[in-house]
Structure formats: C-alpha cells, structure tokens
Asks: 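First the structure, which I've put down as structure tokens, then a few questions once you've had a look.
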2 protein chains.
Amino acid sequence: MQKQPTIRDVAQAAGVSVAVVSRVLNPGSGPVADATRRRVRDVIQALGYHPRTAARELKHGPPTTLGLMLADVSNPFFARLADNVVREADARGIQVLLMTTQEDEHLESECLETLIERRVSGVIATPTGDNLDIWKKLQDIGTDMVFVDRSIPSLPEVDVVGIDNVESARSATGLLAAYGHKRIGIVSGPAVSTTGRDRIAGYRLAVEAAGLEVDERLVRHAAFRGAAGGDAVTALLNLEEPPSALVVANTAQVTAVLRRLSHAGLSIPDKLSVVVFEDSPWTELMTPPLTIIRQPVDLLARHSVQLALAKTSGKSNGKPTTIRVAAELVERSSVSRL
Amino acid sequence: MQKQPTIRDVAQAAGVSVAVVSRVLNPGSGPVADATRRRVRDVIQALGYHPRTAARELKHGPPTTLGLMLADVSNPFFARLADNVVREADARGIQVLLMTTQEDEHLESECLETLIERRVSGVIATPTGDNLDIWKKLQDIGTDMVFVDRSIPSLPEVDVVGIDNVESARSATGLLAAYGHKRIGIVSGPAVSTTGRDRIAGYRLAVEAAGLEVDERLVRHAAFRGAAGGDAVTALLNLEEPPSALVVANTAQVTAVLRRLSHAGLSIPDKLSVVVFEDSPWTELMTPPLTIIRQPVDLLARHSVQLALAKTSGKSNGKPTTIRVAAELVERSSVSRL
DNA sequence: ACACAAAGTGCAGCCGGTTCCACTGCACTT
DNA sequence: AAGTGCAGTGGAACCGGCTGCACTTTGTGT
C-alpha cells in the first residue's frame, strides 16, 4: 500500500506547474502546448496518477454523483429500474449512490441526510413517508429531484416520472369487464401512496364504464411489504360473493398474492381470472402464462436520469415536469371469458 | 437555492472557533464544555448546517463509501445481493456506490478507474474479465477488495465470499442420480468463470459417484447474457440420447432455459426432471414448483460487507480470507423418479 | 498563596485539487 | 518601432473541513 501521487508530484516530475497539469486533466479549461500536454500525459501514465474525486468536488460540487433512493431493490421492478438508471448514468459519466428505504420513513430521512451531506447533484427516488421538510431542504440547496413511480402531491416542485397509473388500471380492469366479468376485485398499494390511489381510481373508472357498480368490499389496499397481499386475497375469497376476476395492482405483492391463490387451490383462469402489474420474465413461464401490465422500465430510467441532470446542465426551463409513459397491457392466458 | 453554511459560519454564529465546532461534530476528537457543545448544537440546528462529505474525505479518505460492482442488477440474485449489501452497509453508516459491468470487461475497467478516483474504502465485486493490472492497482492503494459469487484465481490476495459451488452442484446432480436418472445434463456458466467451472466439477463428482460415466455432450457452458442458455437446451434436446434430467447451474440463464423447455413442449417432470440454481419466490409458483438450490444471499452480503470493512477497521489478520457458505437444496416437485 | 495539571479553546496550516490573474514571449498590425 | 492580441505558463488563493500545538482558564494539592 503505497501513498498515491498528487497533482504536485506530477507537476514536479513533468517540470511544469500544477495549473498546467490541471488543464491537461480538464481539457477546455485553458490552453496547453501540445508538447507539454504529451509530456504531462506521459508522466501521469508513468506515475499511475488518478485525481481524487473528493478534492475535485470540493471546489464546486460537480454533477458527478446521483442518488438513487428506492424502496426495495429485491423487488424485480425496482431492480430493473436500478439497473437501467445505473446504465443511463454511466453513459453520461455519472455515478450512482444506491440507497434503500425499506418503505421506512425513518430510514428514508437518514438517507436524505446523507444525500445532503454528499451534495449530490441529483436524486431519483421513490418517496415513502412524507419527510416534507428534508425534501424541501434538499431542494433548497439546489439538488435536482425526480420522483419515479410514485410522488408526493404536497411537493409540487419536483419532477415526476411514472406510468399512467389511472389508465393502466383502467385498461386492466376494462379487459376483465370486456370478458364478461361482473365482480372484479383489485389489490392495490396502500391508500397513502399515489400509485395505490391512482390505480384504484382507474379501476373505478373501468367498472363504472362497464355499467357496473363498485362494490367497496372488492377494493383492497395492501402494504408494499409483509403478507398484506395474501391477506387481502383471503378476504376477497371469503366474501359471500367472491370475485371472478382480480387485478393485482401492487407489484410488490404479486408473488404473495399468487402464492395465496395457489394454496387456496384456485385454478387460474377457470375459477379466477387474473391480471397483474408485473412484467418479470417469469410471468410468461407460469401455467397459464399471466396477462400483465408491462411498465417500460428503460424509458422510466432514461427520463428520470435526463430530468435529474437537466437542471444542472442548464437544459431545463425551470418548471417542474411530469412525464407519464404508457404501460402496455400484454394479453396472455390468465383471463377467461365468463 | 441558497448557499450552504460552512463550519466557519457556524463557528462565528456560536462565537467559537472552527476547531470547537469540529470537535462537537466528531465526538471524541477533543474536549468541549457542555455549555459550548449545546450552544454549537443549537446553532447547527438553527442554520441547518450539514458538513460536506467531500471536504471531510479530503483529509484522510475515510471508510464511508463502498463500491458494489455487479454484473447485472436485473438478475434477481444480484438484485437481492445488492439489497442486502446496501442494508448491511447502511447499518454501519456506510454508503454504497452501485456499478454494473454488464459482464463487459471494458465497462468493468471504467468502473474500476472510477473507484480508484473515489478512493473508496472497499469494493465488493463480481469480477468479469481479467483487468488484472487495474485490480492490482486498486489493491495497491489500499482498497479492501472482496469478490463475491465468483473470483479470479490469479488474484489470490483478494477475499472471496460465495457458496460452495462444487458441493452445491454435486448435491443437485446427486439428487437426480438418486432418483434413478442416468443421463443428466447440465447448463453452467461460461468456462472462464470460476462459478461455471466449479459447478461442472461438482457435477462430475456426482455423476462418477453414481457409477456413471460423464458424457461430455451433456455438459454445457453458456454465457451469462444473451440466448446462450436456450441454445444449450436445444442442443441437449437434439441429442440422439437426450437427457432425462437437467441441472441449470447458470442462474442468469434460468428463465431462458425454462422458456425454451416450455416452447419445446417438454413437460416437467414427466419428460424432464429439473433442478435450478435460482431461489426467487416465483420458482415456487411454477407448475410444478421447482426443486432449487437456494443461496443464502443475506449471509453472502453480510460476510462481504464485513470483510470489505474489516481491514479498514483493523479487525483483520491481513491474510486473505475465503468464505464458503452452504447452499441449500430445496426439494419441490420438478424431479421425478425414473 | 503558589505551583502545576488538566480542561477548554483558538490559530494556522494541511489535504489535493481548481481557477483567477499576472506574466512572458512571439507573431502580426499599423 | 511601438502597439496589440493571444497562446502558454506559473503563483497563489481558494474550497470546507480537520488537527497539532500553543495558549488561557479553571481546579487541585500542599
């Protein structure tokens, strides 16, 4: 473990001043004679010199780090989002600091503190609790923030990227109604989440559009973590008039729901038709292959990174942007005609 | 967007010197009178002061950031690993810089450069190509390195954490043999990866232990990315004497393999018995539920983080450690008795 | 009362880059 | 020949915390 050469070592070895080395390091920051540049480059190579990011960041906090704060990376949807965000960021020479909140407001606030201390240039997040004041603080110090998947209505200054939740739930529910289902259940996210609410709203729209009445007993909110999804299913199945079709709009609870259905011995789609908000490859491997709502994760990631970097790079009009990309309904075989 | 207060602002507002503020910030670094401490704390609170990590890191690069370099976070195994690593690190007040190599040697070298420039205290990685010189360089500057899941034999100084690949493949293959299968195929990782090789080694052990001969045509290496897994399956099925059982030891290719089997109309386990290295929840939802090798991701993550932080915190004996945790064979219904 | 230690505090410089500005040549105008 | 412009370079002041050492208060023992 040797001690690392500094810019001054390089300068000395190349017989120039540190200013020149710095200019070689940051092309465009000033003129350097070609011969000098080559010489400095050679010395840098020979010494194995690498400028320290920390020192660099000290001068003017540069847009070199992005915070990615997700609820839970073990959820495949978020995992793929993370993968795409990292790739998009990498393509722009940006690094990603990954944090997970486990849907815990308190953990989230700690993560936010860290992001403040790091002076990251931007944050892409799935907000959990409200932590309103910290979010505002982060905003105050000039961090570009983007909420992805969910949002916080009381923070209107933040960019939002997500699918059109109302429309996607409407189309999923609409499909079931079109196949003749009259009693359609839905398991969505918690009522405090915008995602959870919007999808229920889309569901209502579709049910009413089909000329049916919304039976509140068929509408279930479930927490993102824990066994809430399974319990919701059980409750639905135990109804006097159980549903003949089910929309699982809570991605984090899809496997929990399916497991419960499987344990209940409910055969899909004979006894129950199902549409799920989950487009992992395995949904196609199930028997029967599941009809799903596909979220274009790549687009979500690209837009998020773009927005998170837009303000810094000056390409922004300053106004908060909301981007809703369309989710795709992929029909497979888990829905039967009634 | 206001400019942030610095330690000097705090000092001035509290009527003390920066040294005192610093000591309040870092308990244990020197004595401070209780009254002073309170006053300083109040001012910090009032001003909303947050020390900048970048400045802090300048002095002595501190163990506050860990690099996590994975091949592909959209692979559920790595995703869960990432989730656990982030949690373990967070519990120790450490942040995680996530990078993905996409199994690309060149991307990997760029990631490594970044890690060098950041002077991260430790790196947890699934190495891809060899990039030997950069790894050594990273090691030279005192970065604690841990290879997880795979390793690079020519870098013996690095800690390694993973499951016992030989043993796990042996037990998976052994199970199939015990059920009477004589022709057992295996699709493993590429031959250049330790994981790919070791699992094949375990396979051979089991086949020979069962008194059978290894038919090299049944042994397939497949790249982690792309359609290699599917192609391997097709090749196996097209054999004159196709296998009656299959071990899918390449986690990244499990869905590709299953998809190909499904398209081929092969019913599991009647026509083909299957054991897969993949313990995502969905494997239980398949019909039939898949017999799997379960990797204790939480343990892998915990050990990795511990090792990555051990040297820095001085709790290490200096010698490189290799930790092999046991993988568990979970019997479900995808294996039939022949 | 006096010496002397310990607690509490401040100054100033360092960490390793970036950048403003002043300075030197030299080619090119008039 | 004096004047102008600019490529090329170096000096030194930052950025925002940390910290060694010297200094001032206190408190304690005799």
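Values below: every heavy atom of this structure, side chains too, minus hydrogens, waters and symmetry copies.
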Asks: As a test of reading the structure: which of dC18(D), dG16(C), dT19(C) is closest to the side chain of Leu58(A), going by heavy atoms?
Replies: dG16(C)
Asks: Pick base, sugar-phosphate or nothing for Val21(B), based on heavy-atom distances below 4.0 Å to the nucleic acid.
Replies: nothing
Asks: Expressed as a whole number of angstroms, how long is the span from Leu25(B):CG to dG17(D):C1'?
Replies: 9 Å
Asks: Restricting to non-hydrogen atoms, name the atom on Ser304(B) and the atom on Val148(B) that form the minimum distance, rounded to 0.1 Å.
Replies: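 Taking Ser304(B) first and Val148(B) second, the nearest heavy atoms are OG-CG2, 3.7 Å.
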Asks: Give a yes or no answer on whether the side chain of Asp72(B) reaches the backbone of Gln102(B) with a donor-acceptor pair at less than 3.5 Å.
Replies: no
Asks: Can any side-chain N or O of Glu117(A) pair as donor or acceptor with the backbone N or O of Pro51(B) at less than 3.5 Å?
Replies: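 Not a single qualifying donor-acceptor pair exists.
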Asks: Closest to the Ala33(A) side chain: dC14(C), dT18(C), dG8(D)?
Replies: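 For Ala33(A), the side-chain atoms sit closest to dG8(D).
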Asks: Within this structure, what is the CD1-to-C1' distance between Ile7(B) and dC14(D), rounded to whole angstrom?
Replies: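 Computing the Ile7(B):CD1 to dC14(D):C1' distance gives 17 Å.
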Asks: Quick one: on DNA chain D, does Arg8(A) or Arg37(A) contact a more 5' nucleotide (nearest heavy atom)?
Replies: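 Upstream on the strand: Arg37(A).
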Asks: In the structure shown, which nucleotide is the Watson-Crick or G-U wobble counterpart of dT30(C), with both distances under 3.5 Å?
Replies: dA1(D)
Asks: Please report the distance, rounded to the nearest Å, between CG in Leu47(A) and P in dG16(C).
Replies: 14 Å
Asks: Nearest-Å distance, CD1 (Ile44(A)) to C1' (dG17(C))?
Replies: 13 Å
Asks: Do Arg150(B)'s NZ or CZ and the ring of Phe224(B) fall within the cation-pi criteria of under 6.0 Å and 45°?
Replies: yes
Asks: Checking contacts here: which listed nucleotide (dG17(D), dT18(C), dG16(C)) is nearest the side-chain heavy atoms of Thr6(B)?
Replies: dG17(D)
Asks: Between dT19(D), dG17(D), dT19(C), which one does the side chain of Val18(B) approach most closely?
Replies: dT19(D)
Asks: For Arg87(A), is there any backbone N or O sitting under 3.5 Å from a side-chain donor or acceptor partner on Arg92(A)?
Replies: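 Side chain of Arg92(A) to backbone of Arg87(A): no pair is present.
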Asks: Would you kindly compare Arg39(B) and Ala55(B) by the position of their nearest DNA chain C nucleotide and give the one closer to the 5′ end?
Replies: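 Residue closer to the 5' terminus by nearest nucleotide: Arg39(B).
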Asks: Does dT9(C) have OP1 or OP2 under 4.0 Å away from a side-chain N or O of Thr36(B)?
Replies: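 Checking Thr36(B) against dT9(C): at least one side-chain N or O falls below 4.0 Å of OP1 or OP2.
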Asks: Between dG16(D) atom C1' and Glu57(B) atom CD, what is the distance in whole Å?
Replies: 13 Å
Asks: Could you state the NZ-C1' distance from Lys59(A) to dC15(C), rounded to the nearest angstrom?
Replies: 14 Å
Asks: Between Tyr49(B) and Arg23(B), which has a closest nucleotide on DNA chain D that is more 5'?
Replies: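 The residue closer to the strand's 5' end, by nearest nucleotide, is Tyr49(B).
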Asks: Are any of Ser17(B)'s side-chain N or O atoms less than 4.0 Å away from OP1 or OP2 of dT9(C)?
Replies: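 False: Ser17(B) side-chain N/O out of range (4.0 Å or more) of dT9(C) OP1/OP2.
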Asks: If I take atom CD in residue Gln12(B) and atom P in nucleotide dG10(C), what distance separates them, rounded to the nearest angstrom?
Replies: 13 Å
Asks: Does Arg52(B) have a side-chain nitrogen or oxygen under 4.0 Å from the phosphate oxygens OP1 or OP2 of dC15(D)?
Replies: no
Asks: Between dT9(C), dT18(C), dC20(C), which nucleotide gets closest to the side-chain atoms of Pro31(B)?
Replies: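 My answer, after comparing the listed nucleotides, is dT9(C).
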Asks: What's the shortest heavy-atom distance between Ala308(B) and Leu66(B), and which atoms?
Replies: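 Smallest interatomic distance, heavy atoms only, reads CB-CD1, 4.0 Å.
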Asks: Rounded to whole angstrom units, what separation is found between the CD1 atom of Ile141(A) and the P atom of dG16(D)?
Replies: 13 Å
Asks: Please determine, for the side chain of Val32(B), which listed nucleotide (dC18(D), dT9(C), dG17(C)) has the closest atom?
Replies: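 Nucleotide nearest to Val32(B)'s side chain: dT9(C).
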